[in-house]
Asker: 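Here's a structure for you.
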Amino acid sequence: MFSVSHLRNFQGRNVFILAHRFQSTLVLAEHNNGKLNPVTLSAITAAQKVGGTVSCLVAGAKCGSVVEQLSKATGISKILVAENANLHGLLPEPLAPLIVATQKQFGFTHILAGASAFGKTLLPRVAALLDVSPISDVTAINSSDTFVRTIYAGNAVLTLKSKDNIKVITIRPTSFPAAAIGDSVAPSEASTQAVDASTLSEFVGQELTKSDRPELSSAKVVVSGGRGLKSGENFQLLYTLADKMGAAVGASRAAVDAGFVSNDLQVGQTGKILAPELYIAVGISGAIQHLAGMKDSKTIVAINKDPEAPIFQVADIGLVADLFAAVPELTEKIGKK
């Protein structure tokens with residue numbers, strides 16, 4: 001016998017299936033006009049958890065090579081390409097209206113980007129233009145409208161359900177694996193949206209730090225230093241160790257604020273959020289905001305002379321020792337690359 005409750009359950013399942021089917025996500029590709037940022041591949045994985053189709057928008061001045069790299073990522077239905085001189089530098093002022101116009105053209109229900117400087121600058125502007133609330137630094141996607149993020153510097157986990165028709169989301173790259181690169185090639189098409197020059201900002205140029213070490217955000221091994229190093233010159237101890245290990249070098253906020261190193265090395269809630277295979281914290285006490293940026297590392301090693309330092313509470317291996325003796329000894333015992 002087919003009861004009313006059976007009918008309701010059947011209808012409920014159909015509604016869920018239809019809602020899941022009609023989801024469509026636009027992933028914003030982050031790049032430097034020549035190389036795709038790996039954060040985009042993590043955003044594609046997150047978009048697949050939303051359900052429905054996944055499209056990518058590649059915007060820039062000359063980004064043909066980026067389209068080629070992205071086209072081999074699995075899970076993409078199509079790539080929209082917006083090449084325009086006004087998009088040079090990927091400033092949010094001309095880029096945000098383009099994204100809004102693209103959403104209206106194709107009816108995307110979700111817009112995703114990585115929680116990097118690019119995404120954090122751009123998506124709140126997009127959300128404001130769409131009159132919706134942005135959802136930032138998402139660490140898990142439970143369904144098309146339910147998301148998980150951390151609050152209070154990672155000390156609490158919040159599950160939220162968005163009632164907005166369009167979800168504008170930045171995802172934490174370390175929480176989602178990168179989409180695989182396959183042999184198939186996703187089709188691409190040129191965007192038909194106009195891009196106007198911004199009167200609010202202008203891209204003049206940039207000076208990038210060049211290093212033979214891995215990029216901090218994507219390195220598998222990171223050696224970080226804190227205020228315990230006492231000076232910027234003493235960071236050479238970490239550079240030498242990092243070169244032996246093929247690692248990137250990071251720093252705590254205290255070390256950056258003290259002027260030991262530049263802020264592009266900062267790890268933490270107000271810096272870069274990492275999840276390397278190995279994280280070595282040298283002379284770092286373990287403030288909450290720093291732990292928020294590295295506590296997802298697979299293995300954490302702490303070197304600090306204070307046995308009560310909070311860093312030891314999250315460390316897998318702890319060494320209570322003077323870093324000025326321990327680090328040179330460790331460097332000496334590690335073989336050449």
Asker: Side chain to side chain contact (heavy atoms under 4.5 Å, CB included) between Val148 and Asn142: does it pass, once the steps are laid out?
Answerer: CA-CA 7 Å; Val148 178; Asn142 293 346; 3.7 Å; yes
Asker: Could you tell me which residues satisfy side chain to side chain contact (heavy atoms under 4.5 Å, CB included) with Ala194, sequence neighbours excluded, listed by chain and number?
Answerer: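 By the side chain to side chain contact (heavy atoms under 4.5 Å, CB included) rule, Ala194 matches no residue at all.
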Asker: Is the side chain of Gln266 donor-acceptor paired with the backbone N or O of Ser252 at a distance under 3.5 Å, no angle test?
Answerer: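 The answer is no, because no donor-acceptor pair under 3.5 Å joins these two groups.
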Asker: Could you list all the side chain to side chain donor-acceptor pair (under 3.5 Å) pairs where at least one residue sits in residues 168-187, not counting sequence neighbours?
Answerer: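 Passing the test, one end in residues 168-187: Asp137-Arg172, Thr150-Arg172.
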Asker: Tell me if the CZ atom of Arg227 is crowded by more than 12 foreign heavy atoms within 6.0 Å.
Answerer: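 No, not enclosed.
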Asker: Please indicate whether Ile288 has more than 12 foreign heavy atoms, meaning atoms of other residues, nucleotides or ligands, lying under 6.0 Å from its CD1.
Answerer: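 Not more than 12 within 6.0 Å, no.
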Asker: Within a reach of under 6.0 Å around NZ of Lys72, are more than 12 heavy atoms found that belong to other residues, nucleotides or ligands?
Answerer: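 12 or below, so no.
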Asker: Using only atom types and a distance under 3.5 Å, with no angle test, would you say the side chain of Glu30 pairs donor to acceptor with the backbone of Pro38?
Answerer: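 No; zero donor-acceptor contacts below 3.5 Å.
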Asker: Got a donor-acceptor contact below 3.5 angstrom from the Ser24 side chain to the Thr53 backbone?
Answerer: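 Answer holds: no.
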Asker: Show your working on side chain to side chain contact (heavy atoms under 4.5 Å, CB included) between Arg125 and Leu123 and close with a plain yes or no.
Answerer: CA-CA 5 Å; Arg125 183 181 292 268; Leu123 284 197; over 6 Å; no
Asker: Would a distance-only check, ignoring hydrogens and angles, find a side-chain to backbone donor-acceptor pair under 3.5 Å from Thr74 to Ala180?
Answerer: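 Present.
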Asker: Take atom CZ in Phe106; do more than 12 heavy atoms of anything else shown fall under 6.0 Å from it?
Answerer: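 Atom CZ in Phe106 is crowded, with more than 12 foreign heavy atoms closer than 6.0 Å.
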Asker: Under 4.5 Å between side-chain heavy atoms, counting indirect links through other Ile/Leu/Val/Met/Phe/Trp/Tyr residues: same cluster for Phe118 and Ile273 or not?
Answerer: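 No, separate clusters.
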Asker: Given the rule in the side chain to side chain contact (heavy atoms under 4.5 Å, CB included) test, do Ile44 and Gln48 qualify, once you have shown the distances and angles that lead to the verdict?
Answerer: CA-CA 6 Å; Ile44 292 171; Gln48 291 172 342; 4.1 Å; yes
Asker: Strictly distance-based, threshold 3.5 Å: is any side-chain N or O of Ser65 a donor or acceptor partner for the main-chain N or O of Gly34?
Answerer: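 Answer holds: yes.
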Asker: Strictly distance-based, threshold 3.5 Å: is any side-chain N or O of Asn155 a donor or acceptor partner for the main-chain N or O of Tyr152?
Answerer: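 Between the backbone of Tyr152 and the side chain of Asn155 there is a qualifying donor-acceptor contact (under 3.5 Å).
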Asker: Listing request: all side chain to side chain donor-acceptor pair (under 3.5 Å) pairs with a residue in residues 281-293, at least two apart in sequence or in separate chains.
Answerer: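 For residues 281-293: Thr270-Gln289, Tyr279-His290.
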Asker: Which pairs count as side chain to side chain donor-acceptor pair (under 3.5 Å) when at least one residue sits in residues 156-169, sequence neighbours excluded?
Answerer: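 Pairs touching residues 156-169 that pass the test: none.
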Asker: Is there a side chain to side chain contact (heavy atoms under 4.5 Å, CB included) between Lys220 and Leu278? Walk through the geometry before answering.
Answerer: CA-CA 7 Å; Lys220 293 184 178 180; Leu278 174 62; over 6 Å; no
Asker: Would you say CD of Glu68 has more than 12 non-hydrogen atoms from neighbouring residues, nucleotides or ligands within 6.0 angstrom?
Answerer: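 No - once you tally the heavy atoms of other residues, nucleotides and ligands closer than 6.0 Å, there are 12 at most.
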Asker: Using atom types as modelled and distance alone, determine if a side-chain donor or acceptor of Gln69 lies under 3.5 Å from a backbone N or O of Leu36.
Answerer: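 The answer is yes, because a donor-acceptor pair under 3.5 Å joins these two groups.
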Asker: Is Val138 reachable from Val157 through a run of I, L, V, M, F, W or Y residues, each pair having side-chain heavy atoms under 4.5 Å apart?
Answerer: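 Different clusters.
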Asker: Holding to side chain to side chain donor-acceptor pair (under 3.5 Å), I want the full list of residues that pass it with Asn234, two or more places apart in sequence or in another chain.
Answerer: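 Result, side chain to side chain donor-acceptor pair (under 3.5 Å) vs Asn234: Ser231.
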Asker: Please, which pairs that meet side chain to side chain donor-acceptor pair (under 3.5 Å) have at least one residue in residues 294-308, sequence neighbours excluded?
Answerer: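 The answer is none; no pair qualifies.
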Asker: Step through the shown structure and confirm whether more than 12 heavy atoms of other residues, nucleotides or ligands are within 6.0 Å of NZ on Lys230.
Answerer: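 No, the 6.0 Å shell around NZ holds no more than 12 heavy atoms from other groups.
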Asker: Please check this pair: side chain of Arg149 against backbone of Ser136, looking for a donor-acceptor N/O pair closer than 3.5 Å.
Answerer: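 Yes, because the side chain of Arg149 sits within donor-acceptor range (under 3.5 Å) of the backbone of Ser136.
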Asker: Glu83 side chain to Cys63 main-chain N or O, any donor-acceptor pair under 3.5 Å?
Answerer: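 Yes, Glu83 side chain to Cys63 backbone: donor-acceptor pair under 3.5 Å.
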Asker: Does the Thr45 side chain pair with the main chain of Pro177, one donor and one acceptor, at a distance under 3.5 Å?
Answerer: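 Yes, Thr45 side chain to Pro177 backbone: donor-acceptor pair under 3.5 Å.
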